[in-house]
S.K.: 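Below is the structure I would like to discuss, written out as structure tokens.
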Amino acid sequence: MALSVASSYRGRFAPSPTGPLHAGSLVAALASWLDARAHGGIWIVRIEDVDTPRCVPGADRLILQQLATCGLVSDEPEVWQSERGVLYLQALNQLVVKDRAYPCGCSRKDIEAALHAAGLGRERHHAAVYPGTCRPENGGLQGKPARAWRFAVPSEPAVMTWTDRRLGPQAQNVAREVGDFILRRADGLWAYQLAVVVDDAAQGITHVVRGEDLADNTPRQIALQRALGLPLPAYLHTPLVLGANGEKLSKQNGAQALDLSEPVLALHQAAATLGLLAAPGSVPEALAAWVAQWRDAQSLSLCARP
């Protein structure tokens with residue numbers, strides 16, 4: 001089993017260039033790199049710049065430089081999502097043919113009004129669950145111009161289940177908790193969920209290692225993978241670095257750019273978050289020690305694709 005996994009392992013780190021890396025993003029980068037190295041696999045960097053209005057000019061190159069300073073270099077040429085729209089369009093067309101995607105003419109105000117009329121609200125800090133207003137069986141656009149494209153979430157299975165390598169068994173009723181989610185936005189930009197699924201499949205990604213804040217995205221991505229007939233990667237969601245306010249450290253809540261004046265120190269802090277022991281020496285020496293620790297701590301049989 002171990003040899004088979006090692007020979008086929010392909011992992012990735014996929015930062016969004018909305019600013020430089022911070023302490024939280026380094027944890028995810030280090031974990032994904034260590035997991036790939038521990039399995040003798042390939043590690044790829046993908047720049048997820050599909051949400052172009054939020055991207056900061058030059059942040060992509062800065063991120064690659066930060067990673068290189070920490071000894072984390074992609075094994076294959078980096079790719080940019082903004083250059084891969086043809087692949088996303090092909091996937092959307094496949095879903096349309098399968099009656100798994102449909103145009104939507106609803107604005108946020110329309111959705112809120114529909115939920116209010118149905119006596120439904122939404123939880124604080126959670127996006128509104130789309131009520132299916134523009135579903136074909138509900139009359140479709142009914143004369144409204146198409147604004148976006150949505151994925152028709154299947155009613156079966158009602159609950160999407162999967163096993164995370166760190167968090168264990170997980171479950172979510174996507175139809176009830178999320179609803180038909182966006183594939184292509186009203187501004188013409190591709191949504192994260194479709195882009196990441198298409199890219200993971202196109203790049204042959206077998207193992208996804210990323211922050212725990214993204215675990216909630218997994219059931220939507222599995223639903224898309226199944227609808228498109230794509231393989232399902234194994235998932236591992238890493239611990240989050242929290243800010244002073246107890247919330248996830250992020251660019252939105254003022255996370256500072258990594259201080260890489262002493263890169264080995266920044267790596268030690270990231271390694272500690274992952275439960276790894278201190279490793280003396282230079283960046284290459286510390287990374288080699290952590291690969292050995294990671295290999296010892298991970299059961300390779302848990303890393304096989306489901």
S.K.: Hey, does the Lys NZ or Arg CZ of R184 hover above the aromatic six-ring of W149, less than 6.0 Å from the centre and inside 45° of the axis?
M.R.: no
S.K.: Among R46, R12, R10, whose side-chain hydrogen bond (donor to acceptor under 3.5 Å, both in side chains) with Q203 holds?
M.R.: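 One option only clears the test, and that one is R46.
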S.K.: Give a yes or no on whether the backbone of E76 and the side-chain of S74 come within a donor-acceptor separation of less than 3.5 Å.
M.R.: yes
S.K.: Quick check: are there more than 12 heavy atoms from other residues, nucleotides or ligands sitting under 6.0 Å from CD of E137?
M.R.: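 Above 12, so yes.
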S.K.: Closer than 3.5 angstrom, by distance alone: can the side chain of H22 be matched with the main-chain N or O of G24 as a donor-acceptor pair?
M.R.: yes
S.K.: Between D213, L167, V209, which is the residue that forms a side-chain contact (heavy atoms from CB on, under 4.5 Å) with T238?
M.R.: V209
S.K.: Would you find a donor on one side and an acceptor on the other, under 3.5 Å apart, between the side chain of E78 and the backbone of V45?
M.R.: no
S.K.: Between R165 and D35, does any side-chain N to carboxylate O distance fall below 4.0 Å?
M.R.: yes
S.K.: Parallel, tilted or perpendicular, judged at 30° and 60°: which one describes the rings of W290 and H268?
M.R.: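 W290 and H268: perpendicular rings.
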S.K.: Judged by atom type as modelled, is there a donor-acceptor pair below 3.5 Å linking the side chain of D49 to the main-chain atoms of T52?
M.R.: no
S.K.: Between R166 and D164, does any NZ, NE, NH1 or NH2 come within less than 4.0 Å of an OD or OE carboxylate oxygen?
M.R.: no
S.K.: Check whether E285 reaches the backbone of S282 with its side chain - one donor and one acceptor, N or O, closer than 3.5 Å.
M.R.: yes
S.K.: With a distance cut-off below 6.0 Å to the six-membered ring centre and an angular limit of 45° from the axis, does R150 pair with Y102 as a cation-pi contact?
M.R.: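 No.
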S.K.: Hey, could you give me the CG/CZ distance between L30 and F13, rounded to the nearest 0.5 Å?
M.R.: 10.0 Å
S.K.: Show the numbers, then the answer: is there a salt bridge (charged side-chain N to carboxylate O under 4.0 Å, His left out) between R220 and D180?
M.R.: CA-CA 10 Å; R220 278 171 277 179; D180 294 347; over 6 Å; no
S.K.: Could you check, using the six-membered ring where one of them is a Trp, whether W43 and H207 have ring centers closer than 6.0 angstrom?
M.R.: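 That pair fails the under 6.0 Å test.
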S.K.: I'd like to know if K144 and D110 make a salt bridge, using a cut-off of under 4.0 Å between side-chain N and carboxylate O.
M.R.: no
S.K.: Scan T218, V159, V178 and name whichever one has a side-chain contact (heavy atoms from CB on, under 4.5 Å) with Q172.
M.R.: V178
